[in-house]
Amino acid sequence: MLSEALLVSAPGKVILHGEHAVVHGKVALAVALNLRTFLRLQPHSNGKVGLNLPNTGIKRVWDVARLQLLGTSFLEPGDITTPTPEQVEKLKEMADLPEDSANHKGLAVLAFLYLYLSICRKQRALPSLDITVWSELPTGAGLGSSAAYSVCLAAALLTACEEIPNPLRDGESTSRWATEDLELINKWAFQGERMIHGNPSGVDNAVSTWGGALRYQGGKISPLKRPPALKILLTNTGVPHSTKALVAVVRSRLLKFPEIVAPLLTSIDAISLECERVLGEMAAAPAPEHYLVLEELIDMNQHHLSALGVGHASLDQLCRVTMAHGLHSKLTGAGGGGCGITLLRPDLELPDVEATKQALTSCGFDCWETSISAPGVSVHLATSLDTPVQQALGGL
Ligand code: MEV
């Protein structure tokens with residue numbers, strides 16, 4: 001077990017194309033966002049385990065001795081396993097959550113307990129530690145906040161328990177893990193995501209782990225060789241959603257109307273593939289026509305997503321407002337509100353972008369220009385983090 005504090009961060013994500021279809025085995029294209037979640041792990045010898053989530057006001061402390069009694073099922077070494085319903089019930093008791101603890105606060109506590117007990121089970125005794133997680137990402141907005149949370153937890157707990165090495169060398173301010181360690185982080189993070197979302201595809205935790213831009217299909221991750229240098233306006237409608245509920249909406253529509261909905265998923269798959277092809281061409285020799293194709297793909301996908309049942313009046317408004325400025329938008333992530341992306345063509349003048357932002361802000365939306373393809377999960381020297389982050393983590 002480590003003796004010093006550990007600082008880890010992981011990015012959120014934007015899905016360019018393929019949300020929802022990816023749950024049904026189709027291709028998704030996703031990029032890491034330059035908004036991150038930060039985690040500080042402080043080892044102790046006080047017999048306690050603390051979880052502190054300042055964004056949501058959660059502060060919990062458990063006695064290690066009590067957690068140790070929780071049940072041997074978490075403590076048996078073996079493969080990475082999906083939590084059984086009995087394990088989830090035991091965790092809910094330990095977390096002291098009400099029966100209907102389906103809100104994201106309760107689920108974040110459950111995911112923490114599950115990852116702590118499962119990852120630390122190989123230690124002779126469960127370790128005493130304090131974990132604080134703070135995020136720049138809004139929750140329930142489709143930007144992968146729960147995946148970034150699970151990735152940070154998995155990376156920090158695996159490192160603290162010396163299942164993977166701390167890659168930070170003397171003199172370095174930040175560092176990343178080797179591929180095989182990232183694979184282990186990603187596998188555990190996926191289990192954390194399952195606690196939160198039920199049946200996720202795994203794309204969110206994959207992009208948060210690896211960073212950059214990637215193509216994801218059925219668990220297979222292929223980094224895009226040259227990440228797209230696209231400029232995107234990211235807009236948060238402020239309408240919260242539950243990814244789990246929206247994934248269930250699509251599943252039930254697919255079951256009810258298989259002949260109508262399956263072709264929509266196939267068409268979204270084709271949109272992702274066409275987008276990947278165009279991005280590849282653009283990396284070699286960008287031309288204005290490429291942007292016209294990307295815009296058409298955005299429009300078609302947005303209509304498909306609405307037909308799948310994951311649109312929202314706020315997203316329709318976002319699309320109308322940006323279209324009035326000649327720009328094309330689609331939802332990103334689970335939909336039902338949350339965030340949308342708008343493609344910013346390189347020919348746009350600054351005043352055009354500003355006018356669009358102004359129009360979106362006056363609808364009550366938050367919007368900002370983003371840079372994409374941020375680095376994946378990383379470990380940091382405490383002093384290398386910006387002061388606001390250090391303060392949010394409770395001082396270092
Ligand atoms: C959520 O960011 C993306 C969805 O496709 C769900 C998933 O892939 O697990 C809606």
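Counting starts at 1 for both ligands and their atoms, following the listed order. Position 1 is the first residue of the sequence, and the numbers go up from there.
Every atom of ligand 1 with a heavy atom of V22 under 4.0 Å away is listed here by number and element: 5 (O), 8 (O). Each of the atoms 5 (O) of ligand 1 lies under 4.0 Å from some heavy atom of E19. Against a heavy-atom cut-off of under 4.0 Å, P200 is close to the following atoms of ligand 1: 9 (O). Close contacts of ligand 1 with V203, meaning ligand atoms under 4.0 Å from a residue heavy atom, involve 8 (O). Here is the list of ligand 1 atoms found below 4.0 Å of a heavy atom in G333: 2 (O).
Counting non-hydrogen atoms of neighbouring residues, nucleotides and ligands closer than 6.0 angstrom, the CD atom of E354 exceeds 12 such neighbours.
With respect to atom 7 (C) of ligand 1, the closest heavy atom belonging to the protein is S201 OG, 3.4 Å. Of the protein's non-hydrogen atoms, the one nearest atom 3 (C) of ligand 1 is I15 CD1, 3.7 Å.
In this structure, K13 is part of the shell of residues with a heavy atom less than 4.0 angstrom from ligand 1. For the ligand labelled ligand 1, residue A334 lies inside the 4.0 Å heavy-atom shell.
At under 3.5 Å, a nitrogen or oxygen of D204, whether backbone or side chain, sits near a nitrogen or oxygen of ligand 1. Where the criterion is an N or O separation shorter than 3.5 Å, residue side chain and backbone included, N199 fails it with respect to ligand 1. For a threshold of 3.5 Å applied to N or O pairs, the pair formed by H20 and ligand 1 contains at least one separation below that value.
Under the 4.5 Å side-chain heavy-atom criterion for Ile, Leu, Val, Met, Phe, Trp and Tyr, F365 and I298 are members of distinct hydrophobic clusters.
R169 and E172 are not joined by a salt bridge, as no carboxylate oxygen comes within less than 4.0 angstrom of a charged side-chain nitrogen. Note on K330 versus E295: no salt bridge recorded, every NZ/NE/NH1/NH2 to OD/OE distance being 4.0 Å or above. A salt bridge links E281 to R277: at least one charged side-chain nitrogen sits closer than 4.0 Å to a carboxylate oxygen.
In this structure a side-chain-to-backbone donor-acceptor pair under 3.5 Å is missing from R194 to P200.
Contacts between V23 and ligand 1, counted as non-hydrogen atom pairs separated by less than 4.0 Å, involve the side chain only.
Note: F112 and W62 have parallel aromatic rings, judged against thresholds of 30 and 60 degrees for the angle between ring planes.
For the side-chain contact (heavy atoms from CB on, under 4.5 Å) test with V261, the passing option among K256, R253, H24 is R253; the others fail.
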Report the C-alpha separation of L381 and T174 in whole Å, then their side-chain angles, then the decisive distance to 0.1 Å, and conclude whether the side chain to side chain contact (heavy atoms under 4.5 Å, CB included) test is met. CA-CA 6 Å; L381 191 69; T174 188; over 6 Å; no
